[in-house]
Amino acid sequence: NIKGIIFDLDGVICSTDEYHYQAWKSIADDEGIYFDRKINERLRGVSRAESLEIILERAAAVYSPEEKAALMEKKNNIYRELLKNMGPGDVTEEVRSTLRELKERGYGLAIGSSSKNTRFILERTALTDAFDGISDGNMISRSKPDPEVFIKAAGILGLKNEECFVIEDAISGINAANAAGFHSVGIGPAAECDEAEFKISFFSEILDI
Ligand code: B16
Ligand code: MG
């Protein structure tokens with residue numbers, strides 16, 4: 001009785017997780033703070049402000065709220081510059097055709113992303129029309145692992161939480177989905193975690209669950 005599918009954006013629909021990493025890496029390097037891909041795994045799905053706090057765990061200095069705000073703005077500017085290079089070719093044919101097939105099968109499709117850049121990314125990749133609803137970082141006050149972003153997405157689709165799959169690459173997102181009674185599907189890093197109800201190794205496997 002699954003009627004809707006809610007997709008995380010960064011790391012599921014497109015590889016913007018790599019751009020988040022590059023932008024934070026350049027901030028950390030400028031500040032002389034150690035940061036690597038392993039630490040980066042903790043940033044998946046969490047908000048910009050929480051991401052900065054994780055990076056600053058290794059900082060020698062104490063940062064004021066104003067300095068933190070400046071670093072977040074600097075990171076977002078670097079990230080947006082990287083996003084400007086994106087186009088429709090940055091979404092794989094596998095993702096596009098799977099979304100088309102799911103729509104043909106009658107599922108409601110929504111985005112549930114912590115990112116405030118969601119609409120910009122969907123426009124750049126010509127994907128806005130592929131979804132019936134968009135729930136993003138601008139609409140929530142608590143980010144994953146809080147389920148708020150997914151609850152909003154289900155609301156937009158007019159469905160109950162238990163009628164929806166949530167497709168996630170982040171453990172924070174899997175925990176968010178489970179906390180509110182969604183059916184969680186892990187892909188990429190999240191396919192390694194025990195909490196995911198279903199695990200897939202490539203995107204089009206959603207068609208077979
Ligand atoms: P922004 P998702 C999340 O997107 C990213 O995984 C996370 O790394 C990022 O910090 C967060 O969006 C906020 O993004 O700075 O663009 O508002 O995975 O929930 O689609
Ligand atoms: Mg993600």
Side-chain angles (χ1 to χ4, degrees), residues 5-28 35-56 68-84 86 90-91 95 109-125 127-128 130-131 133-153 165-177 179-180 182 184-193 195-196 200 203 206:
I5 308 180
I6 301 168
F7 299 88
D8 171 60
L9 180 66
D10 300 321
V12 171
I13 296 292
C14 51
S15 303
T16 37
D17 48 337
E18 175 62 23
Y19 295 151
H20 277 295
Y21 170 71
Q22 287 175 19
W24 281 126
K25 178 71 179 148
S26 119
I27 296 292
F35 181 59
D36 63 18
R37 286 181 186 275
K38 183 158 182 284
I39 303 166
N40 186 60
E41 286 302 310
R42 293 174 56 204
L43 272 46
R44 287 184 188 274
V46 308
S47 69
R48 202 179 302 165
E50 288 161 321
S51 298
L52 179 62
E53 292 300 335
I54 291 169
I55 289 167
L56 293 183
K68 288 180 186 176
L71 286 179
M72 282 193 279
E73 193 187 335
K74 192 173 158 194
K75 182 268 175 175
N76 196 47
N77 289 337
I78 297 169
Y79 180 59
R80 299 269 299 194
E81 279 306 312
L82 293 168
L83 293 182
K84 281 183 191 160
M86 286 185 88
D90 288 289
V91 170
V95 166
L109 306 182
I111 288 284
S113 169
S114 302
S115 176
K116 294 183 170 165
N117 292 297
T118 293
R119 285 185 181 270
F120 183 62
I121 295 166
L122 293 176
E123 275 161 34
R124 300 256 6 135
T125 54
L127 267 184
T128 310
F131 298 97
I134 295 166
S135 172
D136 70 20
N138 297 299
M139 301 160 65
I140 54 171
S141 50
R142 298 173 303 277
S143 83
K144 302 167 188 174
D146 189 285
E148 187 179 8
V149 77
F150 297 139
I151 293 170
K152 287 238 159 79
F165 277 142
V166 166
I167 321 289
E168 261 290 348
D169 70 316
I171 291 155
S172 60
I174 294 290
N175 288 334
F182 292 94
S184 59
V185 182
I187 187 168
E192 312 293 319
C193 75
E195 290 86 347
I200 57 175
F203 193 85
I206 300 164

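Throughout, numbering of the chain's residues begins at 1 and tracks the sequence. Just so you know, ligand 1 is whichever comes first in the structure, and atom 1 is the first atom listed for that ligand.
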Under a strict 4.0 Å criterion on non-hydrogen atoms, which protein residues are in contact with ligand 1?
Asp8, Leu9, Asp10, His20, Leu43, Arg44, Gly45, Val46, Ser47, Arg48, Ser51, Lys75, Tyr79, Ser113, Ser114, Ser115, Lys116, Asn117, Lys144
Aromatic plane relationship, Tyr79 with His20 - under 30° parallel, 30 to 60° tilted, over 60° perpendicular
parallel
Verify the distance criterion only: is there a donor paired with an acceptor across the side chains of Ser113 and Thr118 at less than 3.5 Å?
yes
Measuring to the Mg ion (ligand 2), does Asp10 have an N/O/S atom at a distance below 2.8 Å?
yes
Under the salt bridge (charged side-chain N to carboxylate O under 4.0 Å, His left out) rule, what do Arg37 and Glu41 come out as? Steps first, then yes or no, please.
CA-CA 6 Å; Arg37 286 181 186 275; Glu41 286 302 310; over 6 Å; no
Output all residues satisfying side-chain contact (heavy atoms from CB on, under 4.5 Å) with Arg48, sequence neighbours left out; order by chain, then residue number.
Trp24, Met72, Asn76, Lys116, Asn117
Write out all pairs satisfying salt bridge (Lys or Arg N to Asp or Glu O under 4.0 Å) with one or both partners inside residues 168-177, taking only residues at least two apart or from two chains.
Arg44-Asp169, Lys144-Glu168
What is the name of the N/O/S atom of Asp8 that is nearest to the Mg ion (ligand 2)?
OD2
Applying ring pair (Phe, Tyr, Trp, His ring centres under 6.0 Å) to Tyr19 and not counting sequence neighbours gives none
Please confirm whether Phe35 and Tyr21 have ring centers closer than 6.0 angstrom.
yes
Between Ser15 and Glu18, does the side chain to side chain donor-acceptor pair (under 3.5 Å) criterion hold? Intermediate values first, please.
CA-CA 6 Å; Ser15 303; Glu18 175 62 23; over 6 Å; no
Indicate if the distance from the Mg ion (ligand 2) to the nearest N, O or S atom of Asp17 falls below 2.8 Å.
no
With respect to the Mg ion (ligand 2), what is the nearest N, O or S atom of Asp169?
OD1
